[in-house]
Amino acid sequence: MDRMRAKPNETAMMGILFNYANTLVNYGFAVIYVIVLTRFVPIIQYGYYNAIFAFTGIVGLFFPSLGVDNAIAKEGAETHAKGLDVTPYYSAMTALSLAIAMANGIALLAAIPLLEAQKIPDSLMPILYILISSNLLNAIANSMGFYLWLTRRTATQGKGLTLGSLAYRLSEIALIIIMHNVYAIAIASLLNAATTLSYFSYNVRLIPGIKLGLIVLRRGIRRFLNSGFQFWLATYLNGIGSNVLSYLVYVYLGPQYSALFGISTVMVGAVVNFSQAVGNVFGSTAAHSKALGGDVGGIAMEYSMAAIAVAGLLSIAAIAALPLLPMIHVLNGDYAAAIPYAALLFGLSPLTALDVVYMTYYWVMGRGWSAVQRAAVGVSISIALFIMARGMGLYAAVFASYVGFLATAILYWLNNRPWSPRMWFTLATSTLLPMIGAIIYVKYLDWPLPQLIAGAVLILLLLLVKPLPRSAVNQVPPMLRRAISWFTKD
């Protein structure tokens, strides 16, 4: 059986491509978005918006699912693999998502004085109401996306997300030009959620039973908690790491550095989101494979090698292209100062790919404490190092992120030995060459020859190690099969 096949008309590769198409659309239009943002929105105002957004994420951490959603997803996928009805799991996920979104919204309204204490201007406070509305729509859309994931329709899921991103970026660009403030970003987020929800509703065509969902939750709550709590704790710690680090940048370094860090992470998302697309499809494939007694560890190795290699190639290409952004007026004024930080953060992309696949692997296999260990180490190191090294400015956040991800990569190896030589070679080359290209640019401003050489060397080394599985060839359009075959192992 083809390890990377989802269903006859939705292969795993097509699922990955359509999920990543969401990112390509997002970032393709983001070029225009950044141009209008940097021309029409003051950097300080964008810094305040980034702080508000991070604050909503922190408040959301106080309304956890305690792993119940993870357990529902895992159990539901295994049920679908056995040919049984998954409507009860879909209903349970919808009921849970709506309950958490409503509780989170009430808490955000109550927490407004805390934002005011951080000197966020009163004129920007209504943004919170818009974000709360977006969260409610996303709760429903995400539960429908979960149903598509559950039934291995990951390509359809990706199409819906792509349409949402298209609506988001187009409306965001138009509204910034009209409004000249960050309200445009918040309103566009609301339109994104509404568009995705509409597409998913058309394709799912199954109304969840909230009452049925509550019954499933009540009867299975102990089982769900026992199954999902540990992995939830791991993802909770990861959420703390990303949101707290972003907020600490604002607290210690101020709104301008908050804006630079925010725009840097937005740019890096162009590559990191590829890994998220791989992880999403891998999770569905692995959960079904586990239910049928498949080799989930072997599948994890295949997916991680492929994701690491592609992330390395994408990151070195992005690093080589970054200095062009001010020249073509994509980044304007003070925003151009984000380029060195973004270049270094792009170098983390292969390690992020490893992290996404193996965290998902831990979830599928029920290895919750391994996931907790990884998250605790990564978050503790990153936050502690940033606080200690904050005198380095924003480079402290970059340095802390590198050390945190390197530590977690070591943990993945310790907990999943042995790794094949191909795995080690792919990880080492795909991580080191983009990192070297970024450091040369940041330290010596030497560009673009060193970055192009690093990219060419990486391609040659990947041609030697061949990190892609043979099954990938038959899952891409015919025009791409020959090129893909060069990187596949017979």
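Because the structure is a prediction, the values reported are computed rather than measured. Residue numbers run from 1 in the order of the sequence given.
- Here the CD1-CD distance, from Ile436 to Gln451, works out to 11.5 Å after rounding to the nearest 0.5 Å.
- For the pair Phe261/Tyr341, no side-chain contact is recorded, criterion being any heavy-atom separation below 4.5 Å from C-beta on.
- When all heavy atoms of Ala193 and Asn138 are compared, the pair lying nearest together is CB-OD1, 3.3 Å.
- In this structure, Ile440 and Trp447 have side chains that are not in contact, with every pair of non-hydrogen atoms separated by 4.5 Å or more.
- In this structure, Phe29 and Arg169 approach most closely via the heavy-atom pair CB-CB, 3.5 Å.
- Considering only heavy atoms from C-beta on, Pro434 stays 4.5 Å or farther from Phe346 through its side chain.
- When atom types are taken as modelled, the side chain of Ser246 and the backbone of Ser242 share no donor-acceptor pair closer than 3.5 angstrom.
- With hydrogens and angles ignored, the 3.5 Å screen pairs no side-chain donor or acceptor of Asn19 with any backbone N or O of Val281.
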Item to check | From CA spacing to verdict: side-chain hydrogen bond (donor to acceptor under 3.5 Å, both in side chains), Thr94, Ser143 | outcome: CA-CA 5 Å; Thr94 303; Ser143 64; 3.2 Å; yes

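- The structure places CG of Leu452 at 11.5 Å from CD1 of Ile319, a figure rounded to the nearest 0.5 Å.
- Not a single donor-acceptor pair under 3.5 Å links the side chain of Asn22 to the backbone N or O of Phe18.
- Environment of CD1 in Ile112: crowded, with over 12 heavy atoms of neighbouring residues, nucleotides or ligands closer than 6.0 Å.
- When all heavy atoms of Pro126 and Ser123 are compared, the pair lying nearest together is CD-O, 3.7 Å.
- Distance alone, capped at 3.5 Å, places no donor-acceptor pair between the Gln276 side chain and the Val356 backbone.
- When atom types are taken as modelled, the side chain of Ser258 and the backbone of Tyr250 share no donor-acceptor pair closer than 3.5 angstrom.
- Under the 4.5 Å side-chain criterion, counting only non-hydrogen atoms from C-beta, Val41 is not in contact with His180.
- Asn280 and Gln157 share a side-chain donor-acceptor pair at under 3.5 Å.
- Once rounded to the nearest 0.5 Å, the distance linking CG of Leu406 with OG1 of Thr431 reads 8.0 Å.
- With ring centers used as reference points, Phe399 lies 6.0 Å or more from Tyr402.
- In this structure, the side chains of Leu325 and Tyr335 stay at 4.5 Å or more apart for every pair of heavy atoms.
- The shortest non-hydrogen separation linking Leu131 to Phe53 is CD1-CD1, 4.4 Å.
- At distances below 3.5 Å, at least one donor-acceptor pair connects side-chain atoms of Ser284 with backbone N or O atoms of Trp149.
- Tyr247 has its side chain within reach of Ile58: a pair of non-hydrogen atoms, C-beta onward, lies under 4.5 Å apart.
- Using a 4.5 Å heavy-atom cutoff, the side chains of Glu172 and Asn192 are not in contact.
- Formation of a donor-acceptor pair under 3.5 Å by the Arg153 side chain with backbone atoms of Asn203 is found in this model.
- Distance CG/Leu197 to CG/Asn142: 9.5 Å, rounded to 0.5 Å.
- With a 6.0 Å cutoff to the six-membered ring centre and a 45° limit on the axis angle, Arg390 does not count as a cation-pi contact of Phe386.
- At least one donor-acceptor pair closer than 3.5 Å links the side chain of Arg205 to the backbone N or O of Tyr202.
- Under a cut-off of 6.0 angstrom, the local environment of OH in Tyr441 is crowded, with over 12 non-hydrogen atoms contributed by other residues, nucleotides or ligands.
- How far CG of Leu37 is from CD1 of Ile177: 11.5 Å, rounded to the nearest 0.5 Å.
- Of all heavy-atom pairs between Val357 and Phe282, the closest is O-CE2, 3.4 Å.
- For the pair Leu394 and Val249, the minimum side-chain heavy-atom distance is below 4.5 Å.
- When atom types are taken as modelled, the side chain of Ser134 and the backbone of Leu190 share a donor-acceptor pair closer than 3.5 angstrom.
- A distance of 10.0 Å separates CD1 in Ile210 from CG in Leu217, rounded to the nearest 0.5 Å.
- Shortest non-hydrogen contact noted between Gly262 and Asn50 is CA-ND2, 3.9 Å.
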